[in-house]
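Note that this is a predicted model, so its numbers are computed, not measured. Every chain is numbered from 1 and lettered A, B, ... according to where its sequence line falls, protein lines coming before strand lines.
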Protein chains: 2
Amino acid sequence: MTGTSTRAAIAEAARRQFQAGGYAATSVRSVAAEAGVDAALVMRHFGSKEQLFIETIDVEGAFEQALDGPADGLGERLVSLVLDDRLGRVFRTTYRAMIRATDSDQVRAHLLEAMDATLAAPLAARLTGPDARLRARLVAAQVGGLLEAVAILEDPVVTGAPAADVARWYGAAVQALVDGDA
Amino acid sequence: MTGTSTRAAIAEAARRQFQAGGYAATSVRSVAAEAGVDAALVMRHFGSKEQLFIETIDVEGAFEQALDGPADGLGERLVSLVLDDRLGRVFRTTYRAMIRATDSDQVRAHLLEAMDATLAAPLAARLTGPDARLRARLVAAQVGGLLEAVAILEDPVVTGAPAADVARWYGAAVQALVDGDA
DNA sequence: GTCTATAAGGTGATAGAC
DNA sequence: GTCTATCACCTTATAGAC
């Protein structure tokens, strides 16, 4: 096994286990075992479990699809994307793993930056009216709240409701911030 | 030291440490040390660290103050309460500790029920129009998203903005779900 | 680069004596 | 109720063979 493929095998096993079981439940040993290498190699390649997590987990480009298109209906598109069985699935498990690992300041900073880069910053550039930057971050907070409800707390009222209903109600609330209604 | 006062001393030390440092960073041994007892006693009294957390941490009555009063302006009152330096402080640290500990199914269920009992259920009883129960839970999701932004991710744009601005913008978005605008 | 072996220090939890 | 001793496990890290 060459160097890069060993590193890739570790990263792949880590990504899978972090998404499936979260940060705390995933051990360096179990990642090494799945990758077919020794635990010491994981440390050698990534330095620490924390760094392995940060370099492995990512949400890049998650919202591109919803951000494309007109400002009208953007709120509903964002909500629908998050709820979509197929498109939102990896993002939901990834977000859950990251939030639960925010005990670590590095993970917290990484998640904050990821949400900014993939959602708040591109959105802020599109918003008109006062406090565009703040409003974009508050939209990100709303999206985070929805992710929390469906992926972390698994609220049965929300997950059990028709996605179209959730998209209509929550989408309208998101749209209020997009439009700048206050 | 008698039985009940020992239990109370353990609970008090646990509550303080869980709020200050979160679930993972708090050890049964450190709680026992602060309470002036042996670590085994903590297990004897509470059964597990998980159970100690659940029985110790609580958010009861956190939103009563905002839920009182007219439906008009309720969104803004909720947001202001969460952001208030004094009134929202314990709730923010408690919520943060709980969210980060939702790896545990017991903690997850406890937090879900706490948010329902203190916010979603009393709110649902007041809402008029269709999907009242769902809308109340989505309001809870929005509040959770704001808590996440200020207490977990510590978004500098949100925490650095004037509380009145955040209350106006985010409050209006919450109010959209309270009023049933869709 | 790769791997084996091992160490230090911490964790939750349990058994059993007093 | 209280405490001592102990278990099995974890992460981080290092030394050294190949």
Side-chain angles (χ1 to χ4, degrees), chain A residues 1-57 97-98 100-110, chain B residues 1-57 97-98 100-110:
Chain A
M1 193 169 306
T2 77
T4 56
S5 81
T6 291
R7 199 178 199 280
I10 294 171
E12 190 187 334
R15 188 175 293 113
R16 201 197 62 75
Q17 291 194 22
F18 281 137
Q19 274 178 12
Y23 183 83
T26 299
S27 76
V28 172
R29 279 169 172 75
S30 69
V31 169
E34 181 173 326
V37 302
D38 187 86
L41 257 198
V42 176
M43 304 300 292
R44 184 155 191 91
H45 277 288
F46 293 90
S48 70
K49 180 185 174 183
E50 207 174 340
Q51 202 58 32
L52 174 66
F53 182 75
I54 289 172
E55 292 191 29
T56 287
I57 220 90
M98 293 187 83
R100 286 178 177 164
T102 50
D103 271 318
S104 151
D105 256 21
Q106 279 187 65
V107 172
R108 183 184 61 74
H110 186 243
Chain B
M1 191 169 305
T2 75
T4 56
S5 81
T6 292
R7 199 178 200 281
I10 294 171
E12 191 187 334
R15 188 175 294 112
R16 200 196 63 74
Q17 291 195 22
F18 280 138
Q19 272 177 15
Y23 183 82
T26 299
S27 75
V28 172
R29 280 170 172 78
S30 69
V31 168
E34 181 173 326
V37 301
D38 187 86
L41 259 197
V42 176
M43 303 302 290
R44 184 154 191 91
H45 276 289
F46 292 90
S48 69
K49 181 187 176 184
E50 207 174 340
Q51 201 58 32
L52 174 66
F53 182 76
I54 289 173
E55 292 190 27
T56 289
I57 219 91
M98 292 186 85
R100 286 178 178 165
T102 50
D103 272 318
S104 152
D105 256 20
Q106 279 188 64
V107 172
R108 183 185 61 74
H110 185 242

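- Applying the 4.0 Å criterion to OP1 and OP2 of C:dT11, one finds that B:Ser27 has a side-chain N or O inside that range.
- In this structure, B:Lys49 atom NZ and C:dG10 atom P are separated by 15 Å, rounded to whole Å.
- Following rounding to the nearest Å, B:Arg29 (CZ) and C:dG10 (C1') show an atom-to-atom distance of 8 Å.
- Both A:Ala39 and A:Arg44 lie near DNA chain D, and the one whose nearest nucleotide falls closer to the 5' end is A:Ala39.
- Atom CD1 in A:Ile10 sits about 11 Å away from atom P in C:dG1, given to the nearest Å.
- Between D:dT2 and B:Thr6, a contact under 4.0 Å exists linking OP1 or OP2 to a side-chain N or O.
- The interatomic distance linking B:Glu50 (CD) with C:dT11 (P) rounds to 18 Å, in whole Å.
- One atom, CD of B:Gln51, and another, P of C:dT14, lie 13 Å apart when rounded to the nearest Å.
- Regarding B:Tyr23, its OH atom lies at a distance of 8 Å from the P atom of C:dG12, rounded to whole Å.
- Taking the six-membered ring for Trp and thresholds of 30 and 60 degrees, B:Tyr23 and B:Phe18 have nearly parallel ring planes, at less than 30 degrees apart.
- Among the nucleotides D:dA13, C:dT14, C:dG12, the one closest to any side-chain atom of B:Val28 is C:dG12.
- For the pair B:His45 NE2 and D:dG1 P, the computed distance is 5 Å after rounding to whole Å.
- Side chain of A:Thr56 to backbone of A:Leu52: a donor-acceptor contact under 3.5 angstrom is found.
- A donor-acceptor contact shorter than 3.5 Å links the side chain of B:Ser30 to the backbone of B:Ser27.
- Rounding to whole angstrom units, CG of residue B:Asp38 and C1' of C:dT14 are separated by 13 Å.
- The one candidate from B:Arg15, B:Arg7, B:Lys49 that meets the salt bridge (charged side-chain N to carboxylate O under 4.0 Å, His left out) condition with B:Glu55 is B:Arg7.
- As judged by a 4.0 angstrom heavy-atom cut-off over every strand, A:Thr26 is placed among residues touching the sugar-phosphate backbone only.
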